[in-house]
Amino acid sequence: MQPDLVEQDFRQKVCAAVSLTQEGLNRFRVFNPFLFDDGDQLCIFLKKEDHSWVISDEGHTYMHLSYQLDEKDYQQGTRVKIIENALSLFSVKDREGELILPVEDNQFGDSLFSFVQALLKIMDITFLTRERVRSTFYEDFQGLVSETVPEDRRTFRWHDPQRDPHALYPVDCRINESPSPLFIFAVQNDEQVRDATITLHQFERWNLAYRSLAIFEDQESINRKVLARFTDIAEKQFSSLLGENRSRISTYLQKIVN
Amino acid sequence: MIKYTDDEIAQRLREAKPLPPDLAKRLQKMRSKRGHWELNLDFTAPSGHRYRLIIRQNKFNHLDFSVILALYPHAGGQIFRLRRYNGKHPHRNILEKTNFYDYHIHTATEKYQAQGAAEDAYAEPSSDFYDLHSALQSLLADCNFQSLDAQQPGLF
């Protein structure tokens, strides 16, 4: 292998795979070698707007996502976080569903690379099935608790070994060695909220001394009646694990531990 | 993982399906989403198989649309796209190493499923349609949609 020949081949092939075709006034389709997982090429356009050039997907990326996902699936929870991060990282803007990146200082090549990376990162969310999204939430929850609470003070997936040997009333995490333990529930859907409600009622019947905390993936998605019944018995709740709530949850846990 | 063999895909495409009622009217009332208009119609064939008709029209580019016939797997899980009628954009068949830039029809295949690609990653160019309505008419004709109500007028 001669590195200079390989480099030359790389340059020829990669450069040849990018081309422009004019389709309208000051509007060009950017042919490129990057594909969705169904073989369709990323839709990229170069357009002139108000005397400056922008790279745009003309709304195709979200439309493509909608073949596999409902809009609510990629506009909330873990997936929207991934999309927001991708847009922010590569300075891409979401203009009413059209993703655009203004070309600054005639840096057309750099802008194209950034735009492509953003689109590919966004399309990765299709690999997050509902089941995987759930586990991502639970992993995030475990990560946050592990960062905040020492290992010898926490037990994930706890159940009362004496009263409940078959783990019918599990708790996602038990923070122990405090006057009364803190039971934490990481909940994502109505069914889990109902289970947590039943578990807390059972603990009341057993006269356990405890405190309780619920962390929702997205509290707004929970049925109002289900949530109301849970609220009657749960002590403290956080509506999500996102944004500033992470530090609020950490602070709350630190107070409990200390 | 292969969810459906080529024979099963062909059977699902061939089997009679009910023409969704008021389709033309529903097309007039597609829901506005981020950058596109959309309509999803669920229905059950006389065989008992459950399907979804997925219709998309890009707001920024009228040549960018999609009409999809998808199947709900008996075992649950994500819908399986049997056929997709797409507007004009570049496509590459990764396994055959063929490229084209045209209106095209995606079809689910066993071969692509076996490679872990999207089930409908194989596509062929088509001159049967040129916009959303003609693509929908092509799909309805190709996938054996039938009016169960003799009084139901034509679609468009």
Side-chain angles (χ1 to χ4, degrees), chain A residues 16-21 23-24 27 29-45 47 49 54 56-75 80 83 87 93-100 122-123 126-133, chain B residues 30-40 52 54-70 76-81 84-101 104 106-109 112-113 115-124:
Chain A
V18 178
S19 63
L20 292 181
T21 297
E23 293 183 351
R27 177 180 177 272
R29 179 182 283 274
V30 182
F31 287 84
N32 63 84
F34 304 104
L35 306 175
F36 295 110
D37 70 337
D38 60 5
D40 282 352
Q41 195 179 96
L42 297 189
C43 282
I44 302 176
F45 298 88
K47 305 191 290 190
E49 293 182 354
V54 296
S56 163
D57 76 336
E58 293 196 338
H60 183 83
T61 309
Y62 286 149
M63 190 171 98
H64 209 105
L65 277 178
S66 79
Y67 302 163
Q68 305 178 50
L69 301 169
D70 288 335
E71 190 186 38
K72 63 179 166 53
D73 287 334
Y74 59 88
Q75 294 296 336
V80 75
I83 291 176
L87 297 180
K93 293 172 186 158
D94 178 345
R95 189 172 64 182
E96 303 288 320
E98 179 187 22
L99 303 180
I100 58 160
I122 289 169
M123 289 311 294
T126 58
F127 295 111
L128 289 173
T129 62
R130 284 196 166 88
E131 290 71 23
R132 282 185 189 163
V133 169
Chain B
M30 288 173 73
R31 293 168 66 184
S32 177
K33 297 289 178 177
R34 296 185 75 78
H36 62 271
W37 302 95
E38 78 171 44
L39 178 64
N40 297 324
R52 171 171 276 199
I54 300 167
I55 302 172
R56 303 287 185 266
Q57 173 63 60
N58 190 314
K59 289 179 183 175
F60 304 95
N61 180 355
H62 73 280
L63 299 181
D64 191 16
F65 55 83
S66 204
V67 183
I68 304 169
L69 175 65
Q78 285 201 315
I79 54 171
F80 184 90
R81 295 187 303 274
R84 171 151 50 106
Y85 292 57
N86 262 171
K88 190 175 178 179
H89 54 243
H91 175 85
R92 177 174 174 78
N93 289 318
I94 301 164
L95 299 180
E96 291 79 8
K97 296 183 170 56
T98 54
N99 301 292
F100 55 81
Y101 174 39
H104 56 276
H106 289 258
T107 303
T109 60
Y112 274 83
Q113 290 176 72
Q115 295 296 319
E119 65 267 20
D120 60 348
Y122 178 75
E124 289 180 358

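FYI, side chains are in, hydrogens and waters are out, and symmetry mates aren't considered; it's all heavy atoms of this structure. Chain naming here is simple, since letters A, B, ... match the order of the sequence lines and numbering starts at 1 in each.
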>> For chain A, which candidate among B/E119, B/K59, B/Q57, B/R81 shows the most heavy-atom pairs at distances under 4.5 Å?
In response: B/R81
> What option among B/A70, B/G35, B/A123, B/G116 has the most heavy-atom pairs under 4.5 Å with chain A?
Replying inline: B/G35
> Taking atom types as modelled, is there a side-chain donor on B/N40 or B/R56 under 3.5 Å from an acceptor on the other?
Replying inline: yes
>> Test of understanding: with ring-ring contact (aromatic ring centres under 6.0 Å, His included), list the residues that count as partners of A/F36, not counting sequence neighbours.
In response: A/H60, A/H64
> Residues in ring-ring contact (aromatic ring centres under 6.0 Å, His included) with B/F65, at least two apart?
Replying inline: none
Contact origin within [X] toward chain A - heavy atom pairs under 4.5 Å:
{"X": "B/Y101", "value": "side chain"}
{"X": "B/D64", "value": "both"}
{"X": "B/H89", "value": "both"}
{"X": "B/N86", "value": "side chain"}
{"X": "B/K33", "value": "both"}

>> Just so I know, are the side chains of A/Q41 and B/N99 near enough to count as touching, which here means a heavy-atom distance under 4.5 Å?
In response: no
> Is it the side chain or the backbone of A/R95 that comes within 4.5 Å of chain B heavy atoms, both, or neither?
Replying inline: backbone
>> Looking at chain B, which one of A/E98, A/E58, A/M63, A/E96 has the largest number of heavy-atom pairs inside 4.5 Å, strictly under?
In response: A/M63
>> For B/R34, is there any backbone N or O sitting under 3.5 Å from a side-chain donor or acceptor partner on B/H36?
In response: yes
>> Determine whether the aromatic ring centres of residues B/F100 and B/H91 are separated by less than 6.0 angstrom.
In response: yes
>> Restricting to non-hydrogen atoms, name the atom on B/F80 and the atom on B/A108 that form the minimum distance, rounded to 0.1 Å.
In response: CE2-CB, 3.6 Å
